[in-house]
Each structure stands twice: as C-alpha cells, then as structure tokens.
Amino acid sequence: MNLAFFVGCAGLVLVTGNSPDPLASEHEELILSFNKKLLRSLEDQSGLPNPSVHLALRLSTYHNLDMEKAHLDRMKVDLHQNLESSLTQHQPVTGMLALYMLALMASCTEVSDMTLNQEPLILQLKKQMEQEKEHIATSQRPLTNYYQYSLGVIALCASGVRVNSHVVNKLVRAIENDHLKHGVNDSIDTVAMAGMALQCLKESKVQLCGASLLQEPLRIVKQKLLGSKRADGHMGNEFSTGLAVQALLTMGSHMSDLSASMEAMKTDVRKGTYHNAMAISQTLPALQKRTYLHVRAKDCQDEDDSLVLGPKPPAKELSGPMVSIQVEVISSDGSTSIKTVEVPKGSSLLKALTLLQDSQSDFTFETQASLWGPYLSVVNGDRARQSDRTYWSLSSDGSALGVGMQDYKIEEAQKITITKKSY
Ligand code: B12
C-alpha cells in the first residue's frame, strides 16, 4: 500500500512499506522547484499581472497563499482596467478575458457576480464569442485565432454557462477542416485547447448539443495529438506538450500512454528549457496531472501554504566576447535589406535589434507587450496586424525561431531573417 506524507519543504515522499520511492520524491522535488520558479515571476511587477500564471499557481498542489492573494488583487484592478479599456476601444479580448475568468474561478471567486464596463463579465465573453463567430461566418477565420476561441468556450463552459450551439459548430467545423494553424503549420497548442473545450462541453449538464456531435471532432483531436508525438516524447514541440497532455488527460488517456511525454517535459525542466513564465504556466499543470477543467471543481479550503521563496539570485552581467550578426529584413513586396551589428555574446535578439537601431538610422522596430513577452509588431515603419493576418516571422540561418526575441540568445555569428508573412 502507498502512503503519502510531507517532509517539511522537501515535499511529498511516497512510501511503499518502509522504503521511500526515490523516483517519486525526485519528481516532487522537480515540481516544487518549477512551481517556485513560476512564483518568482510574480516579483516582476513591471507589466500586467498574468492570468495564465495565476491559473497554473492556483491549480498546483503547493501554494504561497499570500503571494497568490496579492496577485489576484492586482489582476482584479490592473488587468480588469486593461480589459475595460480594450473593450471601450472595441479591441478583441477573447483569450485574455477567458484566461482572467479561469484564473478567477481557480481562486474560487464567483465570476457570475463580476462586471466589466457595467455588464456581467460572462455576458462580455459571450459577446466576444458572438463577434468571433460572426467573423468566421464572413471571413472563414475568428477575429483572434482558434486558440483564443477555444479558451473562450472553456471559460464559458467551466463557469456553467450554456455555449451557443452555433459557436460550438464553428469550432467543430474548424477541427474537421483542419483550420487550427500556427501561421501555416499545424498548431498542437490550438488542437489541445480545442480538445479541452469540446471535452468540457461533452461533460456539461447544461449543453444542448448532443455528445454524438462531439464524438467525431474529439476523435480527430485525440488522433492529431497522439500523431504529433515525436520520438523524444514531445507532442508538437517543447511548448505545446503540456497543453497536449492536459487535453489527453481530460479525454481520459491513461498515464501509461502519456509517460513518454511526461518524461520529455521533466527533461526540459531539468535542462532549463522553460524559463519564460508563460511556458512554465502551460507546463506545470500537466506535470501535476491537472488540467484547466479542474477549475470546475476547485475547492479553496485547507490548501497547502508551504511554498517559500529564498532571496532573488543576482542577474547575470554580459561581459563576453562580441559576436557579429547579420539582420535581414524581407518586406511583403519582397524587397530585402541586410545590416550587420556586433553584440555581446549571450545578448537577446531584442538587445541586438536595439543596438542595431541605435547604430543605424535606416533600421527601426517596435514591439507590443504580450503574455509571452515583447512581440515584434513594426519593422521600418511597416506594421503587421492581426486584422490583416500578417506577422513578422523570425528565423536564424533559415530555421524558424522556437522562442521570441527576448528569449532568443545570440551565442554565435548567424543571419537573423525577419520576414513579413501572411497567414
Ligand atoms: C496564435 C499564435 C501566433 C499568431 C499570433 C497572431 C494571431 N492573432 O493569431 C502568429 C502566427 C502570428 C504567431 C507568431 C509567432 N509565434 Co506564436 N503562438 C500563437 C499561439 C497558438 C496562441 C497565442 C494566443 O493567442 N494566446 C492567447 C492570448 C490571450 O495571449 P496573448 O499573449 O495576448 O497572445 C498574443 C501573443 O501570444 C502573441 N504571440 C503569438 N506568438 C508569440 C510568440 C512570442 C515569442 C511572443 C512574444 C508573442 C507571441 O500573439 C497573440 C495574439 O495577439 C501560441 C500557443 C501558446 N501555447 O500560447 C503560439 C506561441 C506563443 N508562438 C510561438 C512562437 C515561437 C511564435 C514566433 C516567434 C514564431 C517565429 N519564429 O516567428 C512568432 C512571433 C514573432 C514575433 N513577431 O515576435 C511559441 C512561443 C514559444 C516560446 N517559448 O516563446 C508558441 C508557444 C507556439 C509553440 N508551441 O511553439 N503566433
């Protein structure tokens, strides 16, 4: 028989008879350190509070209740105001509003009592979904993307609201017609989110659409997720595996089918692949076998309060040798420019582009804040927009970057290509 108990801050130790299971305790140590890394990200209060981070912290087994409460309060003021002003400016906020609702539910806050610009929060999300649905009807694509559309369905469904059957049908069609893309490639993150949305609907007591309508799209989602598994266990890539595991867990997959993916994520944690708080927030729940659908049954009584952060480690100074990089910009009309800049080894791409902008009068760029960090939005005065389905894609020596401009570090000479693409 397995017995479980806590050993101070060292975490959970599983005991079989008298002998501790070293693998189980190693797993819990890893989770604890990963959880602390996510908690640490709350100390940076320069940007908006991140609802995805909040959601993951609340879904965890381990907590620092004071820090989580302070973050919840910041969300209710800063994020709330930001959403209100975006709504006033008629900007789509589907994904952010959905994540905010899920984060509130995970903190046992009654979302049905809350308002945004004097209207119920839930009604605001319903309206966003109506607009998304209308946009699909006229332009064959959501206003934002199917990742956010699916998050919207999850948030409505998890709060016990019936989701309009036309909204559901649009998601079902998108799955059947293979429209869940990241740029032009398959988006396993989006497939996973869509799968969780449909699974929530299937289990919902208020949903009128029959389980039979959802059976085929759920089968396609499961097949896509399992089919995306690489030899190293990742589904899609390092950053989609956590969401894919979550989705498969909601669909009733057994741990034996997911163990290779769990191992792949644990190897990533050990290697330090996940340093962006957003990446941690999408991976930690899966490592603890939790999913976004657990917010439906969240009980905030008698929670653990054992997570404690030590002093902040000092930031690393860059004083290494200089590295020379070429920066190529390819505009939508195909015109190309190439510039060279010297940067300290280990600099981020963001730093490199800033140095280039400071040294050359004919290169400029702008970024916009996002949950993943700075997103490259304007290059040489040319803006890429969600509304016209264009973006500035990033690659190095011909290979697409797997991370953004703040996380990508320049370790050696290379050619960075920034291309305006349509999707
Ligand atoms: C949709 C999407 C896109 C769309 C965004 C536009 C749109 N309206 O649809 C497009 C196709 C343009 C895109 C581009 C890129 N993406 Co993308 N994207 C996503 C996806 C599927 C959903 C994002 C979302 O809507 N979130 C919900 C809302 C509420 O959060 P948000 O932060 O407000 O969303 C905005 C930002 O996330 C931003 N965004 C999208 N991708 C990225 C990537 C980075 C690094 C940053 C800083 C911002 C950013 O666009 C969102 C909409 O405005 C995520 C999957 C995921 N797991 O999160 C991948 C994801 C975030 N993208 C990723 C990557 C790598 C990129 C690119 C860097 C690819 C490249 N080599 O060029 C570029 C960004 C380049 C740049 N200009 O800075 C990775 C990031 C991994 C990491 N560790 O950093 C993810 C996790 C996919 C994956 N599994 O690999 N993306």
Side-chain angles (χ1 to χ4, degrees), residues 47-48 50-53 55 79 82-83 86 91-103 128 132 135 141-152 154-155 179-194 228 234-244 246-247 268 272-283 286 292 348-350 353 365-379 382-396 398-409 416-423:
L48 280 177
N50 184 325
S52 175
V53 167
L55 178 57
L79 183 62
N82 181 273
L83 284 166
S86 298
Q91 289 166 358
V93 290
T94 312
M96 199 65 100
L97 182 50
L99 281 174
Y100 180 41
M101 271 174 59
L102 290 169
Q128 291 289 304
E132 296 271 15
H135 203 271
R141 316 169 120 153
L143 267 178
T144 57
N145 52 57
Y146 281 111
Y147 182 95
Q148 298 196 29
Y149 193 84
S150 305
L151 268 174
I154 296 175
H179 285 168
L180 311 188
K181 301 284 177 193
H182 185 232
V184 292
N185 303 316
D186 278 349
S187 173
I188 291 304
D189 321 55
T190 308
V191 174
M193 217 44 105
S228 74
H234 289 106
M235 285 186 272
N237 64 22
E238 289 80 344
F239 304 105
S240 49
T241 305
L243 296 174
Q246 276 202 49
D268 292 326
T273 305
Y274 305 126
H275 40 80
N276 187 310
M278 206 47 196
I280 303 177
S281 77
Q282 295 184 346
T283 311
Y292 289 173
S348 67
L349 177 56
L350 176 63
L353 295 188
F365 75 99
E366 289 172 35
T367 62
Q368 75 191 41
S370 81
L371 296 179
W372 281 93
Y375 175 78
L376 183 61
S377 49
V378 184
V379 180
D382 187 357
R383 183 176 293 275
R385 288 187 178 86
Q386 178 170 272
S387 55
D388 60 18
R389 305 280 144 186
T390 54
Y391 78 107
W392 286 104
S393 93
L394 305 172
S395 57
S396 165
S399 304
L401 297 193
V403 298
M405 59 195 307
Q406 188 163 57
D407 290 344
Y408 186 74
K409 302 290 187 262
I416 295 290
T417 304
I418 305 173
T419 313
K420 179 106 177 274
K421 287 192 178 164
S422 297
Y423 61 97

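Counting starts at 1 for both ligands and their atoms, in listed order.
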Min heavy-atom dist Thr367 to ligand 1 below 4.0 Å: no
How far is atom 28 (C) of ligand 1 from its nearest protein heavy atom, and which residue and atom name does that atom have? Gln148 NE2, 3.6 Å
Quick check: does Thr190 get an N/O under 3.5 Å from an N/O on ligand 1? no
Could you check atom 6 (C) of ligand 1 against the protein and tell me its nearest heavy-atom contact, residue, atom and distance included? Tyr423 OH, 3.5 Å
Provide, to 0.1 Å, the distance between atom 77 (N) of ligand 1 and the closest protein heavy atom, together with that atom's residue and name. Trp392 O, 2.9 Å
Show all protein N/O/S atoms under 2.8 Å from atom 17 (Co) of ligand 1, or state that there are none. His182 NE2
Counting only heavy atoms, which portion of Tyr391 has something under 4.0 Å from ligand 1: side chain, backbone, both, or neither? side chain
N/O separation below 3.5 Å, Asn276 to ligand 1: no
For a quick check under 3.5 Å, do His182 and Asn145 share a side-chain donor-acceptor pair by atom type? no
Among the heavy atoms of Leu401, does any lie under 4.0 Å from an atom of ligand 1? yes
Between CG of Leu349 and CG of Asp407, what distance do you get to the nearest 0.5 Å? 10.5 Å
Identify the protein heavy atom lying closest to atom 89 (N) of ligand 1, giving its residue, its atom name and the separation to 0.1 Å. Asp189 OD2, 2.9 Å
Of the backbone atoms (N, CA, C, O) and the side-chain heavy atoms from C-beta on, which set of Ala279 has a member under 4.0 Å from an atom of ligand 1: side chain, backbone, both, or neither? neither
Write out the residue and atom name of the closest protein heavy atom to atom 33 (O) of ligand 1, then the distance separating them to 0.1 Å. Met96 CE, 4.0 Å
Under-4.0 Å heavy-atom contact with ligand 1, by part of Pro374 that carries it: backbone
Contact check: Asn237 vs ligand 1, nitrogen or oxygen atoms, below 3.5 angstrom: yes
May I ask you to identify, for Gln406, whether its side chain, its backbone, both or neither come under 4.0 Å of ligand 1 on a heavy-atom basis? neither
If we ignore hydrogens and angles and just use 3.5 Å, is the side chain of His179 paired with the main-chain N or O of Arg141 as donor and acceptor? no
Does Gly402 come within less than 4.0 angstrom of ligand 1, counting non-hydrogen atoms of the residue? yes
Are any non-hydrogen protein atoms located under 4.0 Å from atom 55 (C) of ligand 1? yes
Thr390/Lys421 under side chain to side chain contact (heavy atoms under 4.5 Å, CB included): CA gap, chis, key distance, verdict: CA-CA 5 Å; Thr390 54; Lys421 287 192 178 164; over 6 Å; no
For atom 24 (C) of ligand 1, is the nearest protein heavy atom under 4.0 Å away? yes
Protein non-hydrogen atom found under 4.0 Å from atom 67 (C) of ligand 1: no
Polar atom proximity, Leu371 to ligand 1 (N or O, under 3.5 Å): yes
Polar proximity ligand 1 side, Tyr375 side, N/O cut 3.5 Å exclusive: no
Flag: protein heavy atom within less than 4.0 Å of atom 84 (O) of ligand 1: yes
Just to be sure I read this right, does ligand 1 sit under 4.0 Å from the backbone of Asn145, its side chain, both, or neither, counting only heavy atoms? side chain
